[in-house]
S.K.: 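The structure that follows is given in the form of structure tokens.
Numbers restart at 1 for each chain; the letters A, B, ... are given by sequence-line order, proteins then strands. Side-chain atoms are counted along with the backbone in the values below, which use heavy atoms only and exclude waters and symmetry mates.
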Amino acid sequence: MDLTLYNSLTRRKEAVAPIEPGHLRLYACGPTVYGPAHIGNARMAVVFDLLVRVARALFPRVTYVSNITDVDDKIIAAARASGEDIAAITEKYTLIYNEDMAALGCAPPDVQPRATAHIGDMVALVQGLLDRGHAYAADGHVLFHVPSYAGYGALSGRSREEQVAGARVEVAPYKRDPADFVLWKPAAPDEPGWDSPWGRGRPGWHIECSAMSQHHLGLPFDIHGGGSDLKFPHHENEIAQSCCAHGVLDDPATYARMWVHNGFVTVAGEKMAKSVGNILLAHDLLRAHEGAALRLALLSAHYRQPLDWTDGTLHAAAKNLAALRRAATEPGEVPTPVLGALCDDLNTPAAISEALRAAKAGDGAGVAATMDLMGLDRAAPKEAADPRIDALLQERQAARAAKDFARADAIRDQLAAEGVTIEDTPAGPRWQRSR
RNA sequence: GGCGCGGUGGCAGAGUGGUGAUGCAGAGGACUGCAAAUCCUUGUAUGCGGGUUCGAUUCCCGCCCGUGCCUCCA
């Protein structure tokens, strides 16, 4: 079955056909590690993890690279605010990120490069751009000269004039053109920096992804992904850098052939923002909810659509997850309609619908295979043993046997008040904490 | 202002040129001492106005509404 994806670059769905036969190579822009990941970061990780899982089912070899940005103004600011060491901060949040994403069922990328481990690659790339006349040094900075690249704007679909007209910020005086962007910037003595031909400094944001994707995947590679907000300027700038550094100016696809962008998560209809105070951290949600339920909730809307996060989203996902688990047996073949939906631009809502249909039809093997493919943990988490609750349940059973229903119901009510739900099954009572 | 995306039942959310998936919630029933869980049954929807067509929710135009991006936010 062919996998088709919507290519942001060409604005249409295209069949995925690896450039190197049988080997799909993809890169997704990962997080800047200055704080814990929020549910939006999680959506990106889950979407690309799913894409990789589907790709692995279809292609003999898949190489998935997703970076960690560990040098950035925001990290420096976070270090100043907390007094912590920069390396300690990036280390800590990288660890938390990976733990949280694992809890969401995301397999680690094949390569998770860190920007600071690729400074040399970036310097070489910047030097190449200078040599080819696409960049210039000014005031301690090295800037990419946008007018030197005629293909600029191909991804975001806007002309340079349009961007300049819409610019809301003051243009730095050292820029030759308002659209020029920083490749390398000087580092203050108390900021992290690396020696370079242009003095001690640090890389601009965009250059790291150009350097790391090229280093680990080679050029051109098949799929480049990230959040839709990265389309402009980040991905546009990556294309400009990478194409110019390699002297291919007439075809943006000589960097990455397909571009895949996931939509945003809103919370109760509002964009997540610090100013609104509605940022949902994956870490916090995982404390109260099961990772697999969160994952299913994140996949309940098509990845290119915005996803509005509400209690209802999660409630429905948890119920559906339970239904799938009930139906799942030993994994067999993924039902064709499920695979078909996933192959059609990762239509997860349709895939979930088909999986529930399979569950209802008694195709336990198909359901189990679907859950494995979609990265949904088939095992429900076990409640920790609690002798006190067990004792209360025993007392309740005795009361029921003696037809002392007032006592039995009192016990049930008491546990309910503690958030413990009792289910009476043919095999005896079970309990579970509401989460 | 520029570029883009979207408006489907109470809510979430797909698809489709020919009387509209799926889930959650709701209602009724089965089961239960009563519940819970589960199972069965079930009602309700395509923003507005034109156009193309035998026929439009689906294509085209206009309008209204919402929303994203516009130099470092996934």
Side-chain angles (χ1 to χ4, degrees), chain A residues 8 11 28-32 37-48 69 72-74 144 146 153 156-159 161-172 175 178-182 185 204-206 208 225-234 236-237 261-266 269-274 279 296-297 300-302 304-320 322-323 326 337 341 344 347-357 360 399-401 403-406 408-409 412-413 416 421-426 429-432:
Chain A
S8 303
R11 294 181 186 77
C29 291
T32 301
H38 55 64
I39 192 70
N41 297 303
R43 187 184 195 191
M44 170 263 146
V46 166
V47 164
F48 286 97
T69 297
D72 179 272
D73 288 351
K74 289 192 293 292
F144 183 89
V146 168
S156 54
R158 47 187 119 205
S159 72
E161 291 70 28
E162 284 165 354
Q163 292 154 34
V164 173
R168 305 187 286 205
V169 284
E170 280 185 49
V171 175
K175 288 189 178 182
D180 291 354
F181 58 89
V182 171
K185 62 172 102 178
W205 175 37
H206 316 296
E208 63 170 85
S228 56
D229 59 324
L230 296 183
K231 205 185 284 184
F232 186 88
H234 182 55
E236 195 74 73
N237 291 354
H261 292 99
N262 65 275
F264 263 47
V265 179
T266 55
E270 278 192 292
K271 181 181 175 176
M272 273 196 292
K274 282 203 174 120
I279 293 187
L296 194 58
S300 67
H302 183 89
R304 282 191 279 124
Q305 295 304 130
L307 172 67
D308 191 38
W309 192 268
T310 65
D311 290 343
T313 317
L314 204 48
H315 175 77
K319 296 272 284 193
N320 287 158
R326 269 197 305 279
D344 180 15
N347 189 340
T348 50
I352 293 166
S353 163
E354 292 296 344
L356 289 165
R357 196 192 305 280
K360 194 150 278 189
R400 291 178 69 201
K403 302 223 184 295
D404 182 1
F405 296 121
D409 291 351
R412 185 169 66 201
D413 292 345
T421 313
I422 294 173
E423 283 178 33
D424 290 320
T425 75
R430 276 195 328 209
W431 61 272
Q432 151 177 46

S.K.: Could you tell me which residues satisfy ring pair (Phe, Tyr, Trp, His ring centres under 6.0 Å) with A:F181, sequence neighbours excluded, listed by chain and number?
M.R.: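 A:F181 satisfies ring pair (Phe, Tyr, Trp, His ring centres under 6.0 Å) with A:F144, A:H206 once adjacent residues are dropped.
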
S.K.: Using a 4.0 Å heavy-atom cut-off across all strands, classify A:G269 as base, sugar-phosphate, or nothing.
M.R.: nothing

S.K.: With sequence neighbours excluded, what pairs up with A:T266 under the side chain to side chain contact (heavy atoms under 4.5 Å, CB included) test?
M.R.: A:D308

S.K.: Nearest of B:rA74, B:rU38, B:rU71 to any side-chain atom of A:N41?
M.R.: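 Nearest listed nucleotide: B:rA74.
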
S.K.: SG/A:C29 to CG/A:D229 distance, rounded to the nearest 0.5 angstrom?
M.R.: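 Atom-to-atom, A:C29:SG and A:D229:CG are 10.0 Å apart.
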
S.K.: Given Watson-Crick or G-U pairs with both distances under 3.5 Å, what dot-bracket string fits RNA chain B, with | for other-strand pairs and [ ] for crossing?
M.R.: (((((((..(((.....[...))).(((((.......)))))....(((((..]....))))))))))))....

S.K.: Of all residues at least two apart in sequence or in a different chain, which pass the side chain to side chain contact (heavy atoms under 4.5 Å, CB included) check with A:A28?
M.R.: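 A:A28: side chain to side chain contact (heavy atoms under 4.5 Å, CB included) contacts with A:M44, A:F48, A:Y64, A:S66.
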
S.K.: Ring pair (Phe, Tyr, Trp, His ring centres under 6.0 Å) with A:W309: which residues, sequence neighbours excluded?
M.R.: none

S.K.: Would you kindly give the CZ-to-C1' distance between A:R43 and B:rC73, to the nearest whole Å?
M.R.: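 Answer to the nearest Å: 16 Å.
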
S.K.: List every contact pair, protein side and nucleotides 13-17 of chain B side both N or O, where the distance is under 3.5 Å.
M.R.:
unit_1: B:rA14; atom_1: OP1; unit_2: A:H302; atom_2: N; d: 2.9
unit_1: B:rA14; atom_1: O3'; unit_2: A:N347; atom_2: ND2; d: 3.2
unit_1: B:rA14; atom_1: O2'; unit_2: A:N347; atom_2: ND2; d: 3.3

S.K.: Provide the distance between the two C1' atoms, one in B:rG55 and one in B:rU44, to the nearest whole Å.
M.R.: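 The same atom, C1', in both gives a distance of 25 Å.
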
S.K.: N/O contacts under 3.5 Å, protein versus nucleotides 24-27 of chain B?
M.R.:
unit_1: B:rC24; atom_1: O3'; unit_2: A:H315; atom_2: NE2; d: 3.2
unit_1: B:rA25; atom_1: OP1; unit_2: A:H315; atom_2: NE2; d: 3.2

S.K.: Output yes when at least one side-chain N/O atom of A:K360 is less than 4.0 Å from OP1 or OP2 of B:rG23, else no.
M.R.: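 Answer yes for this pair, as a side-chain N or O of A:K360 is under 4.0 Å from OP1 or OP2.
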
S.K.: Only counting residues at least two apart or in another chain, list the ones meeting salt bridge (Lys or Arg N to Asp or Glu O under 4.0 Å) with A:D72.
M.R.: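 For A:D72, the residues satisfying salt bridge (Lys or Arg N to Asp or Glu O under 4.0 Å) (neighbours in sequence not counted) are A:K74.
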
S.K.: Can you find a donor-acceptor pair, distance only, under 3.5 Å between A:K74 side chain and B:rC72 base?
M.R.: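 No.
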
S.K.: Using a cut-off of 4.0 Å on non-hydrogen atoms, how would the nucleic acid contact of A:G40 be classed: base, sugar-phosphate, or nothing?
M.R.: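 Here A:G40 touches the bases of the nucleic acid.
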
S.K.: Using a 4.0 Å heavy-atom cut-off, does A:V47 contact any base of the nucleic acid, only the sugar-phosphate backbone, or nothing at all?
M.R.: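 No contact.
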
S.K.: For nucleotides 33-36 of chain B, list the nitrogen or oxygen atoms of the protein found under 3.5 Å from its nitrogen or oxygen atoms, one pair per line.
M.R.:
unit_1: B:rG33; atom_1: O6; unit_2: A:R400; atom_2: NE; d: 3.2
unit_1: B:rG33; atom_1: N1; unit_2: A:D409; atom_2: OD1; d: 2.9
unit_1: B:rG33; atom_1: N2; unit_2: A:D409; atom_2: OD2; d: 2.6
unit_1: B:rC34; atom_1: O2; unit_2: A:R412; atom_2: NH2; d: 2.6
unit_1: B:rC34; atom_1: N3; unit_2: A:R412; atom_2: NH1; d: 2.9
unit_1: B:rC34; atom_1: N3; unit_2: A:R412; atom_2: NH2; d: 3.4
unit_1: B:rA35; atom_1: N6; unit_2: A:D424; atom_2: OD2; d: 3.0
unit_1: B:rA35; atom_1: N1; unit_2: A:D424; atom_2: OD2; d: 2.9
unit_1: B:rA35; atom_1: N3; unit_2: A:R412; atom_2: NH1; d: 2.8
unit_1: B:rA36; atom_1: N1; unit_2: A:D424; atom_2: O; d: 3.3

S.K.: Just jot down the side chain to side chain donor-acceptor pair (under 3.5 Å) partners of A:E423, sequence neighbours excluded, or say none.
M.R.: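 A:E423: side chain to side chain donor-acceptor pair (under 3.5 Å) contacts with A:R430.
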
S.K.: Could you pull out all residues at least two apart from A:A408 that satisfy side chain to side chain contact (heavy atoms under 4.5 Å, CB included)?
M.R.: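 Checked A:A408 against side chain to side chain contact (heavy atoms under 4.5 Å, CB included); matches are A:R396, A:A399, A:R400.
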
S.K.: Identify, with sequence neighbours excluded, every residue that meets side chain to side chain contact (heavy atoms under 4.5 Å, CB included) alongside A:A416.
M.R.: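 Residues passing side chain to side chain contact (heavy atoms under 4.5 Å, CB included) with A:A416: none at all.
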
S.K.: Can A:F264 be called stacked on B:rG68 when the rule is centres closer than 5.5 Å and an angle between planes below 30°?
M.R.: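 It does not: the two rings, one from A:F264 and one from B:rG68, miss the stacking criterion.
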
S.K.: For a quick test of reading the model: is some side-chain N or O of A:R357 closer than 4.0 Å to OP1 or OP2 of B:rA21?
M.R.: no

